[in-house]
Amino acid sequence: MRYLILSDIHGNWEALQAVLAHARSKYDRILCCGDLVGYGADPDAVTEWVRDNVASIVRGNHDKAAAGLEDLEWFNPVAKQSALWTQAAMKPENIAYLRDLTKGPEQVNGFQILHGSPLDEDEYVVTERDVEQLAPYLDSEVSFFGHTHLQGGFQCHRNGVVAFGGVDDDAQDRAVELETDVSYLINPGSVGQPRDGDWRAAYAVYQPETRLVTLYRAEYDVASAQKKILKAGLPELLAARLEAGV
Ligand code: ZN
């Protein structure tokens, strides 16, 4: 079984379509680490596609916000404005789907998917130090997470944690061969709003049988996604940041 791992799509239909075209014939089943909506202009289209195509999913903080499950007071002004726009724009049945999404971690065939950290769905896992504190709580040898929009991950050895990065700017993929006696926390990167300085849509494919994770980047039609954001009246910053990947 080959799993296509998606995270942080954020209502970016163009990026999602590019990922699916780029990943064609590389996977059998689709998983999602949350944040289907927020920031982007196509929350309904993305949510409907997820409802029809994703086998296992956990919710993200922006899904909770759109569904009215999150206090928006701690959101920054741009995130808050986009959450309110998303709530108003979406069809009730898609909002209901977001409201019913479960909190991670979710076990999938010997590994797990989650949004923030294994202990807290809203926590940002960024540094090796963050992971050192989590290592005792990693139930699975392999965990996929999102939330930071940074592609890459962490190898947790018995005596320490080692970070690894995502796909190089001049490449389209990076293979990560999983070692034994090591736990992994792996972020496929964000499909719809990368923040690691690479504007290309990010995703990963995992083959448990061969112990291989491949990280990918796919170019997409950023200009169309930006035009839709501006036309929707969403903050201009949300359009501008897409082409910089920040
Ligand atoms: Zn996100």
Side-chain angles (χ1 to χ4, degrees), residues 1-10 19 23 26-36 50 54-64 101-167 173-191 194-196 202-217:
M1 182 68 75
R2 300 164 304 168
Y3 295 94
L4 173 64
I5 322 263
L6 307 178
S7 191
D8 299 280
I9 305 169
H10 282 292
V19 162
K26 295 192 189 92
Y27 65 89
D28 308 298
R29 195 165 285 181
I30 307 173
L31 310 178
C32 181
C33 299
D35 274 3
L36 313 185
V50 168
V54 170
S56 288
I57 180 168
V58 295
R59 69 187 185 183
N61 52 318
H62 285 265
D63 305 320
K64 283 193 286 180
L101 287 176
T102 51
K103 175 180 167 172
E106 169 105 353
Q107 303 300 317
V108 184
N109 193 20
F111 62 101
Q112 63 182 6
I113 57 172
L114 51 114
H115 188 64
S117 95
L119 296 182
D120 179 353
E121 60 183 341
D122 295 331
E123 184 185 344
Y124 290 90
V125 176
V126 179
T127 66
E128 291 165 337
R129 205 183 156 80
D130 296 337
V131 177
E132 273 160 24
Q133 285 160 1
L134 294 168
Y137 306 99
L138 289 176
D139 296 334
S140 300
E141 200 185 329
V142 180
S143 305
F144 290 95
F145 71 105
H147 198 38
T148 62
H149 300 207
L150 305 173
Q151 190 180 50
F154 302 90
Q155 278 187 325
C156 311
H157 300 265
R158 213 162 295 150
N159 36 21
V161 174
V162 180
F164 57 90
V167 177
D173 57 66
R174 173 173 191 163
V176 181
E177 289 172 33
L178 304 185
E179 297 169 21
T180 48
D181 291 329
V182 179
S183 301
Y184 287 85
L185 264 171
I186 301 172
N187 190 327
S190 169
V191 171
R195 295 178 192 161
D196 45 16
Y203 69 98
V205 173
Y206 177 38
Q207 286 182 264
E209 292 82 4
T210 56
R211 302 183 60 79
L212 182 68
V213 175
T214 310
L215 304 172
Y216 290 96
R217 297 307 276 242

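Values reported hereafter were calculated over all heavy atoms of this structure, with side chains retained and with hydrogens, waters and symmetry mates removed.
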List the residues meeting ring pair (Phe, Tyr, Trp, His ring centres under 6.0 Å) with Phe145, not counting sequence neighbours, and say none if there are none. none

Arg2 atom CZ: more than 12 heavy-atom contacts under 6.0 Å: yes

Nearest 0.5 Å please: distance from the CD atom of Glu123 over to the CG atom of Leu114. 10.5 Å

Gap between atom CD1 of Ile5 and atom CD1 of Ile186 - 0.5 Å precision: 8.5 Å

Where Ser140 and Ser143 come nearest, the two heavy atoms and their spacing: O-OG, 4.1 Å

Donor on one side chain, acceptor on other, Asp130 and Ser117, under 3.5 Å: no

Starting at NE2 of His149, measure out to CG of Asp35 and round the result to the nearest 0.5 Å. 5.5 Å

Show your working on side-chain hydrogen bond (donor to acceptor under 3.5 Å, both in side chains) between Gln151 and Arg217 and close with a plain yes or no. CA-CA 9 Å; Gln151 190 180 50; Arg217 297 307 276 242; 3.1 Å; yes

To the nearest 0.5 Å, what is the distance between CG (Asn61) and OH (Tyr124)? 5.5 Å

Check the pair His115 / Asp8 against side chain to side chain contact (heavy atoms under 4.5 Å, CB included), numbers first and verdict last. CA-CA 9 Å; His115 188 64; Asp8 299 280; 3.5 Å; yes

Does Leu6 reach the side chain of Val50, with side-chain heavy atoms less than 4.5 Å apart? no

Side chain to side chain contact (heavy atoms under 4.5 Å, CB included) partners for Ala163, two or more places apart: Glu128, Phe154

Residues 177-184 side chain polar contacts: donor-acceptor under 3.5 Å, at least two apart:
{"residue": "Glu179", "atom": "OE2", "partner": "Gln155", "partner atom": "NE2", "Å": "3.3"}
{"residue": "Tyr184", "atom": "OH", "partner": "Gln155", "partner atom": "NE2", "Å": "3.1"}
{"residue": "Tyr184", "atom": "OH", "partner": "Glu179", "partner atom": "N", "Å": "2.9"}

With sequence neighbours left out, what residues match Thr214 under side chain to side chain donor-acceptor pair (under 3.5 Å)? none

So which heavy atom on Ala204 is nearest to which on Val213, and how close? CB-CG1, 4.4 Å

Holding to side chain to side chain contact (heavy atoms under 4.5 Å, CB included), I want the full list of residues that pass it with Ser56, two or more places apart in sequence or in another chain. Leu31, Glu106, Val108, Ile113

Which atom pair, heavy atoms only, marks the closest approach of Cys156 to Val131? SG-CG1, 3.5 Å

Taking all atoms of both residues into account, what is the closest heavy-atom pair of Ala23 and Leu4, and its distance? CB-CD1, 4.0 Å

Pro118 and Leu138 have their tightest heavy-atom pair at CG-CD2, 3.5 Å

Are Tyr3 and Phe111, when compared by the centres of their aromatic rings, separated by less than 6.0 Å? yes

Would you name the heavy atoms of Leu36 and Asp63 that are closest together and state the gap between them? N-OD1, 2.9 Å

Do NZ/NE/NH1/NH2 and the carboxylate oxygens of Asp173 and Lys26 come within less than 4.0 Å? no

What is the distance from atom SG of Cys33 to atom CD of Glu121, rounded to the nearest 0.5 Å? 13.0 Å

Partners meeting side chain to side chain contact (heavy atoms under 4.5 Å, CB included) with Glu141 (sequence neighbours left out): Arg211

